[in-house]
Every structure is written in structure tokens, then in C-alpha cells.
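Protein chains get the first letters and strands the later ones, always in sequence-line order, with residue 1 at the start of each.
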Amino acid sequence: MSTMRLATWNVNSIRARVDRVTDWLERADVDVLAMQETKCSDDQFPTMPFAALGYDVVHCGFNQWNGVAIASRVGIDDVEVGFAGQPSWSDKPEAEAVAEARALGATCNGVRVWSLYIPNGRTVDSPHYLYKLKWLAALRETAATWLADDPSAQIALVGDWNIAPTDEDVWSVEAYQGSTHVTVPERSAFDAIVETGFSDLVRPYTPGPAVFTYWDYTQLRFPKNRGMRIDFILGSPSLAQRVERAEIARDERKTGKDRVGSPSDHAPVVVTLTG
DNA sequence: ATGGTTGCTGCGCAA
């Protein structure tokens with residue numbers, strides 16, 4: 001075991017963002033990066049810019065909007081698309097259901113990393129909302145099994161959870177009244193996974209109110225710091241023991257001439273694990 | 001003021 005920097009970032013299109021992402025990987029000295037909303041098929045993923053920096057990449061694109069990936073410069077082993085019990089959205093053929101998977105697992109230097117894109121839910125009266133809850137319940141069941149099978153396993157559940165676990169995690173409770181991301185069932189589903197033994201590795205190092213990972217592109221939400229905390233790195237007990245520090249790379253959300261191209265609407269989240 | 005922005009096998013729709 002050696003020191004490892006593990007990050008997650010909803011990149012909102014890897015093809016539109018590859019220069020920003022690789023630029024940040026270098027500056028931030030990140031070893032493993034889980035990405036969400038890559039918005040491309042597997043053959044469209046720009047692997048070369050990552051390879052040039054020494055990163056291997058695995059990707060699973062499952063529709064025109066979404067897709068998850070893991071880039072690692074410390075190796076990638078035992079890649080798995082989706083997990084047992086993961087519900088598929090519809091009665092599509094088996095192959096398409098697998099391609100719809102919103103989870104990609106890989107072992108990087110002894111740490112099992114899951115890049116997760118939890119279903120958005122859209123609106124509380126949408127079938128997508130029920131699908132989201134069903135998906136979270138299946139994740140909890142499976143994750144509990146992983147820990148039961150090996151209580152000392154180093155497992156990271158990282159990504160865009162599309163849930164703000166507490167009122168402190170949104171800029172305005174009123175603004176999200178009646179919306180997804182803040183409902184009791186969603187928060188209970190998140191809490192249930194935490195209770196299974198996966199703790200938020202970042203929050204202890206980023207305390208206080210108005211600490212966010214996502215800001216809507218519109219209405220000057222970022223300059224006004226009107227965001228949500230919906231991107232998380234959850235870790236098994238053995239992984240939690242290794243955390244040395246953590247941060248939200250808020251500056252990567254900035255628009256500016258010192259940055260290449262436009263920003264994602266999410267900021268990266270990082271943990272440093274001791275050796 | 002029901003607005004604003006970003007991305008896409010884009011021309012509306014999901015986020």
C-alpha cells in the first residue's frame with residue numbers, strides 16, 4: 001500500500017472537457033479519477049490524452065447523456081460493469097440493460113473503486129424517481145454483501161449521487177421544496193448505505209454550511225455560491241482508516257482565461273489515502 | 001421577468 005489520491009468528477013461530456021480534465025489531473029496529482037456523465041460511447045472516449053499522462057481508462061457508456069469511467073495511473077484490475085441486483089430501467093433486451101449500467105467497478109492498487117451515476121429522478125411524480133429509489137435499494141443490498149463477505153475490504157463508492165443528504169447541503173431549502181434530491185425517501189436511501197458501513201470520507205475535512213459540489217449553470221449560481229452537495233466519496237471502514245485529508249476542488253468550476261474551455265457544472269472531490 | 005446555460009448521432013430535451 002502506498003499513498004493514493006482518489007477523486008470523483010461529473011465532467012458533463014468528456015469530449016468537451018478532456019483538456020480541462022487532464023490538465024487538472026496533472027495539477028492535482030490525482031492517481032485515480034472516477035468520472036460521470038461522460039456523454040459518449042466507448043469508442044468515442046478520448047483515451048489518448050489520458051494515456052499520454054500515464055493513465056489507463058475503462059469506460060461504460062450507456063446512453064447519449066450518461067456514462068461512467070475510471071482513469072488510473074496505479075493500475076486497473078477486475079473491471080466490472082454494473083453489479084448484481086442492479087435494476088434495469090426497462091424491459092429492454094439483456095445486452096442493452098447491461099449497457100445502461102450506471103456503475104463501473106475496478107480495483108486500483110488494492111482499492112475497489114465504483115464510479116456511480118445514481119439516476120437523477122427528474123421529478124417526484126416521474127417513473128424515473130421510483131427507478132432511482134429502486135436502484136439505491138439494490139446498491140445498498142449489494143454493498144452490504146461486499147462488506148459481509150470481506151469486512152476489511154477497501155471499497156470506495158464514489159460519484160454523482162443526485163441526493164443532498166441534509167438541508168445544509170442545499171443553498172436554499174425553499175428553492176428545492178417539492179423537488180427530487182432532497183426528499184425523505186432519497187435521503188433515507190443514502191443514509192441506509194452509510195449505515196451499512198460506508199462513511200462520507202470528505203465531509204469531516206470540508207465542514208460548515210454552503211459547502212457544495214454542484215452549481216447550476218444558470219442564474220449566476222456559482223458566483224453566488226448557490227449550489228448543492230451531491231457528489232460523494234463513501235468508503236468502507238478499512239478505507240476510512242486511511243484518509244489523511246480531503247477537499248472539494250471548487251476552483252475547477254470557475255470560468256476563466258487561466259482554464260481551458262468551459263467548466264463542468266460539478267467540481268471534483270478528492271481524498272488523500274495514506275500508505 | 002417562469003427567465004438563465006451546457007451538451008448532444010442536437011434542431012428539443014435532459015441535466
Side-chain angles (χ1 to χ4, degrees), chain A residues 8-24 34-46 49 59-69 88-90 92 95-96 99-104 115-133 135-136 158-164 169-172 174-183 186 190 212-232 248-257 259-269:
Chain A
T8 184
W9 195 0
N10 178 323
V11 296
N12 187 16
S13 172
I14 190 57
R15 286 179 293 170
R17 212 75 65 211
V18 63
D19 290 342
R20 265 201 180 232
V21 172
T22 50
D23 174 67
W24 176 71
M35 287 166 269
Q36 300 83 34
E37 281 200 66
T38 53
K39 293 187 175 175
C40 67
S41 58
D42 294 343
D43 58 302
Q44 290 173 323
F45 193 99
H59 177 254
C60 176
F62 55 89
N63 66 29
Q64 67 185 101
W65 300 292
N66 305 313
V68 287
S88 67
W89 167 242
S90 61
K92 286 176 180 173
E96 273 188 68
E100 202 179 72
R102 293 161 178 268
L104 181 67
S115 182
L116 306 172
Y117 183 67
I118 276 68
N120 175 285
R122 302 191 186 180
T123 57
V124 292
D125 59 356
S126 160
H128 291 261
Y129 176 73
L130 292 176
Y131 173 61
K132 180 181 194 173
L133 296 177
W135 203 96
L136 285 161
V158 316
D160 179 354
W161 291 72
N162 277 312
I163 299 170
D169 301 319
V170 295
W171 70 271
S172 161
E174 293 72 30
Y176 291 100
Q177 202 79 42
S179 301
T180 59
H181 296 57
V182 298
T183 67
E186 288 167 285
F190 183 90
F212 307 129
T213 64
Y214 159 84
W215 300 261
D216 193 288
Y217 281 122
T218 67
Q219 299 174 285
L220 299 172
R221 287 280 178 84
F222 181 68
K224 292 177 176 174
N225 194 32
R226 295 180 168 181
M228 306 177 92
R229 194 170 72 98
I230 57 176
D231 299 89
F232 297 93
I248 296 164
R250 195 182 184 284
D251 284 357
E252 304 315 305
R253 180 61 178 79
K254 284 180 182 169
T255 311
K257 42 244 162 291
R259 293 284 188 279
V260 207
S262 60
S264 167
D265 42 2
H266 294 249
V269 180

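The interatomic distance linking A:K39 (NZ) with B:dA15 (P) rounds to 9 Å, in whole Å. If you take CE of A:M35 and P of B:dA15, they are 20 Å apart, rounded to a whole angstrom. The distance between atom CH2 of A:W161 and atom P of B:dA15, rounded to the nearest whole Å, is 18 Å. Going from atom CG of A:N162 over to atom C1' of B:dA15 covers 9 Å, rounded to whole Å. Summarising the geometry, the separation between CD1 on A:I163 and P on B:dA15 is reported as 15 Å, rounded to the nearest angstrom. Between the OH atom of A:Y217 and the C1' atom of B:dC8 there is a distance of 13 Å, rounded to whole Å. In this structure, A:W215 atom CH2 and B:dT6 atom P are separated by 16 Å, rounded to whole Å. A straight line from CZ of A:F222 to P of B:dT6 spans 14 Å, rounded to a whole angstrom.
Salt bridge A:E186/A:K132: present, at least one basic N to carboxylate O contact under 4.0 Å.
Mapped onto DNA chain B by nearest heavy atom, A:Y214 and A:N12 fall at different nucleotides, with A:N12 at the one closer to the 5' end. Position along DNA chain B of the nearest nucleotide to A:G121 versus A:S41 favours A:S41 as the more 5'-ward residue.
Of the listed nucleotides (B:dT6, B:dT9, B:dC8), B:dT9 has the atom at the smallest distance from the side chain of A:R15. For A:Q219, the listed nucleotide lying nearest its side chain is B:dG4; candidates were B:dT9, B:dT6, B:dG4. With B:dT6, B:dG4, B:dA15 as the choices, the nucleotide that has an atom nearest any side-chain atom of A:N66 turns out to be B:dA15. Comparing B:dA15, B:dC8, B:dT5 by their closest approach to the side chain of A:T218 singles out B:dT5. Between B:dG4, B:dG7, B:dA14, one nucleotide has an atom nearer to the side chain of A:R17 than all others, and that is B:dG7. Closest approach to the A:N120 side chain among B:dT5, B:dA15, B:dC8 is made by B:dA15 (side chain taken as heavy atoms from C-beta onward).
Residue contacts shown for A:S262 are limited to sugar-phosphate atoms, with no base heavy atom under 4.0 Å away.
Within the structure, salt bridge (Lys or Arg N to Asp or Glu O under 4.0 Å) pairs that include any residue of residues 221-230 of chain A comprise A:D169-A:R229, A:D200-A:R229 (at least two apart or interchain).
Using a 4.0 Å cut-off, no side-chain N or O of A:T255 falls inside it from OP1 or OP2 of B:dT5. For the pair A:S13 and B:dC8, the criterion of a side-chain N or O lying under 4.0 Å from OP1 or OP2 is met. Of the side-chain N and O atoms in A:R221, none sit less than 4.0 angstrom from OP1 or OP2 of B:dG3.
Between A:F190 and A:L136, the closest side-chain pair of non-hydrogen atoms is not below 4.5 Å. In this structure, A:F45 and A:M35 have side chains that are in contact, with non-hydrogen atoms separated by less than 4.5 Å.
B:dG4 and B:dT9: their C1' atoms are spaced 27 Å apart (whole Å). B:dA15 and B:dG10 are spaced 14 Å apart, taking the C1' atom of each and rounding to whole Å. Taking atom C1' on both nucleotides, B:dC11 is separated from B:dT6 by 16 Å, rounded to a whole Å.
The salt bridge (charged side-chain N to carboxylate O under 4.0 Å, His left out) test applied to A:D265 returns no partner, not counting sequence neighbours.
Summarising the geometry, atom CZ belonging to A:F232 is positioned 12.5 Å from atom CG belonging to A:L116; distances are rounded to the nearest 0.5 Å.
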